[in-house]
Number of protein chains: 2
Amino acid sequence: MKKVTIKDVAKDAGVSVGTVSKVINNKGYVGKETLVKVMASIDRLGYSVNANARSLKSSKSNKVAVLISDISNFYLMSIAKEMEKTIRALGYHMILLSHNDDEQLELASLQIILEQQVDALVIIPTGGNGEMIGLIKRKGIPVISIDRKVDDVVTDLIMDDHYYGSFETIKYLHLLGHRRIGVIYGHRQNSIGRERYQGAIDAIKQLNMDEDSTLIKEANFKEEQAYRSTMELLLSPKPPTAIYSCNNTMTKGVLKAVREQGLRVAKDVSIIAFGDKAQWELITPALSLMAQPVKRIGIEASILLKNRLEAHEEFAEKQIIIKPELVPGNSCQTITIRS
Amino acid sequence: MKKVTIKDVAKDAGVSVGTVSKVINNKGYVGKETLVKVMASIDRLGYSVNANARSLKSSKSNKVAVLISDISNFYLMSIAKEMEKTIRALGYHMILLSHNDDEQLELASLQIILEQQVDALVIIPTGGNGEMIGLIKRKGIPVISIDRKVDDVVTDLIMDDHYYGSFETIKYLHLLGHRRIGVIYGHRQNSIGRERYQGAIDAIKQLNMDEDSTLIKEANFKEEQAYRSTMELLLSPKPPTAIYSCNNTMTKGVLKAVREQGLRVAKDVSIIAFGDKAQWELITPALSLMAQPVKRIGIEASILLKNRLEAHEEFAEKQIIIKPELVPGNSCQTITIRS
DNA sequence: CTGAAAGCGCTTACAG
DNA sequence: CTGAAAGCGCTTACAG
């Protein structure tokens with residue numbers, strides 16, 4: 001089937017190209033009769049507008065790029081789903097890319113995004129590539145960052161209060177009587193990792209608990225590493241009475257290790273995690289969570305995106321920090337303190 | 001920051017536009033010195049090619065559209081992740097859209113896809129919109145369908161053998177001694193729904209089991225409806241000894257209902273599901289599954305996509321049907337048959 | 001090895 | 001209400 005262009009439609013309908021343009025864009029004056037004729041030709045020929053040509057001319061692409069770390073991450077995709085709804089409702093569509101927390105991949109993706117002339121970028125950044133992201137901003141493309149800060153550049157930002165969440169989680173375990181707490185954290189290379197780590201550490205110090213450094217394990221946000229770290233904790237001579245996992249992916253590894261050791265969650269070891277409620281809904285016993293406000297984040301990001309896309313003038317970057325909420329399940333036990 | 005085009009680079013480097021084009025595309029003869037000059041200008045000005053203009057000229061967009069039913073569905077996103085890897089490796093990038101199993105939405109998405117001049121379409125179709133999908137094919141865009149057939153049009157197709165999977169699942173329950181089996185199926189509006197339904201029904205008939213129509217419940221592939229249907233089954237005067245759930249989303253509803261009734265999976269009622277292993281990994285007791293071959297599907301789809309994208313001539317549509325495998329967990333109990 | 005020129009498919013003032 | 005024409009930013013033969 002030969003490619004059919006606006007010219008073909010014009011010829012078929014016996015009008016000019018400009019007139020066809022007016023009908024497909026539904027703007028400018030077009031006579032009723034002409035309209036009908038053109039519509040008929042469009043149908044008959046199976047014409048659809050070439051978005052590339054249109055974008056080139058109008059320098060508006062109607063595309064929003066969403067760049068996230070992992071496409072198969074349930075939490076991130078819940079947010080992406082919210083975004084897609086908004087993006088569509090605003091008359092745009094979504095380009096989805098992922099970077100797997102690899103800065104090189106992120107850079108390559110950002111390059112593509114630049115080339116695609118997108119109208120906005122929503123990103124779960126690695127934290128790096130500040131220069132490139134700065135360039136994108138200077139080109140007039142709004143950048144909305146979710147969950148993490150980009151180093152060395154200010155962007156719109158929506159995230160939960162990682163430090164607060166971690167701090168409160170430890171406080172909660174302390175309240176239940178725990179004094180030896182294992183912490184499985186990601187790393188300290190980006191804001192989310194640093195803040196969740198620091199919140200936990202500060203709470204442990206402030207509450208005068210065992211500052212046993214062997215209880216604090218880095219697991220790079222990976223399930224496999226969290227599994228190994230948890231194993232180490234469980235098999236150590238003086239294991240913790242509770243384990244705090246700083247992220248969803250790592251929590252899988254933690255739970256696997258506990259099960260594999262034949263331990264009962266809560267009874268033998270308390271487990272609490274920073275995470276997404278929906279994702280852990282069917283786990284038994286119900287997981288105690290510092291619950292990420294997925295819905296709120298999605299909504300706030302959508303509002304911000306809408307404002308950016310529709311704003312006639314620029315406005316200062318917004319930083320929206322949302323406090324997560326502790327949702328107790330049945331995975332943490334009260335410990336009687338021997339004095 | 002003013003938009004910088006190839007012209008600006010040309011002027012800055014003191015060469016022609018054509019020469020700049022050669023260096024950014026890395027083709028044709030360019031003198032060493034010129035090359036260096038141009039590169040420097042590109043860097044200095046922060047130039048990046050306008051993909052819209054490029055596509056317009058070359059009528060190749062380097063875009064692959066992936067249209068799925070639900071962005072936050074873990075199973076689908078696992079496949080999408082595989083696809084993204086391939087797409088990137090082939091030098092393309094991915095546009096992701098979703099249709100929520102709504103034919104109107106699917107049609108709108110297909111329209112966008114057509115306008116975007118994508119080089120290929122990977123789709124989890126609703127089953128409808130055969131006409132539009134036919135049009136897309138006639139425009140020379142390869143269409144690769146996953147998991148479901150498109151009605152009234154032949155496309156490349158990769159799916160598991162839904163009928164076989166359902167049939168074998170019932171056979172397995174029969175083998176364990178179950179004679180009253182509840183079936184929660186999606187609907188019969190598309191191929192996946194019909195085939196999974198029919199496989200179960202045929203097995204029940206063939207094995208001479210209770211053909212009690214009140215045991216067979218339609219739940220529209222929705223968690224909420226599966227929950228209600230399961231409740232009905234559990235509360236009926238003569239409840240089934242086992243329930244077969246035809247899909248991941250519905251399985252959530254089934255499990256919730258069982259728990260809410262205070263019943264123990266396996267001991268009180270056996271549960272088996274058509275589904276994705278990774279998704280149910282942490283559920284206790286381990287769910288018995290007719291396991292979807294996610295990996296295989298992803299790989300086969302990737303290979304097919306690669307062939308379509310790189311083929312110099314057309315070839316006949318491929319239909320790849322993969323047999324799912326029964327993976328017993330601990331969610332089904334052996335029943336002693338009273339005779 | 002380099003440049004000038006045509007043209008991809010559209011939109012947008014502008015003239016009528 | 002309609003059409004002719006310029007031009008968006010590129011690539012691609014072609015000539016030199």
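This one's a predicted model, so the numbers in the text were calculated from it and none came from an experiment. Each chain gets a letter, A, B and so on, in the order the sequences are listed, and its residues count up from 1.
Side-chain N/O atoms of Thr126(A) and Glu106(A) include a donor and acceptor closer than 3.5 Å. For the residue pair Thr86(A)/Ser302(A), the side-chain donor-acceptor check at 3.5 Å is satisfied. Between Lys63(B) and Gln117(B), the side chains place no donor N or O within less than 3.5 Å of an acceptor N or O (distance only, hydrogens not considered).
Residue Gln111(B) places its CD atom among more than 12 non-hydrogen atoms of other residues, nucleotides or ligands, all under 6.0 Å distant. The 12-atom threshold is exceeded at CD of Gln319(A), counting heavy atoms of other residues, nucleotides or ligands nearer than 6.0 Å.
No engagement by Lys60(B) is indicated, since no non-hydrogen atom pair under 4.0 Å with the nucleic acid exists. Looking at heavy-atom distances under 4.0 Å, Thr5(B) makes contact with sugar-phosphate atoms alone, never a base. In this structure, Lys3(B) reaches the sugar-phosphate backbone alone: every heavy-atom distance under 4.0 Å involves primed, P, OP1 or OP2 atoms, never a base. Asn25(A) comes within 4.0 angstrom of sugar-phosphate atoms only, judged by non-hydrogen atoms across all strands, and of no base.
When each of Lys137(A), Arg308(A), Lys318(A) is checked for a salt bridge (Lys or Arg N to Asp or Glu O under 4.0 Å) with Asp156(A), only Arg308(A) meets the rule. For the pairing with Asp12(B), the side chain to side chain contact (heavy atoms under 4.5 Å, CB included) check across Val20(B), Val4(B), Leu45(B) returns one residue only, Leu45(B). Checked against Leu96(A) for a side chain to side chain contact (heavy atoms under 4.5 Å, CB included), the options Leu96(B), Ile71(B), Val66(B) give a single hit: Leu96(B).
Once you apply a 4.0 Å limit to the heavy atoms of chain A, the touched nucleotides of DNA chain D run 5' to 3' over dC1(D) to dG9(D).
Checked for salt-bridge contact, Arg194(B) and Asp151(B) meet the test: a charged N lies under 4.0 Å from a carboxylate O.
Residues from residues 30-48 of chain A that place a heavy atom under 4.0 Å from any atom of DNA chain D, listed by number: Val30(A), Gly31(A), Thr34(A).
Nearest-nucleotide assignment on DNA chain C puts the 5′-proximal partner with Val17(B), out of Val17(B) and Ser58(B).
Separating the CD1 atom in Ile124(B) from the OH atom in Tyr75(B) is a distance of 6.5 Å, to the nearest 0.5 Å.
The closest donor-acceptor contact from the side chain of Ser21(A) to the backbone of Val17(A) lies at 3.5 Å or more, if one exists at all.
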Self-check item: Pair assignment for DNA chain D - dot-bracket with | for other-strand partners, Watson-Crick or G-U under 3.5 Å
Solution: |||.||||||||.|||
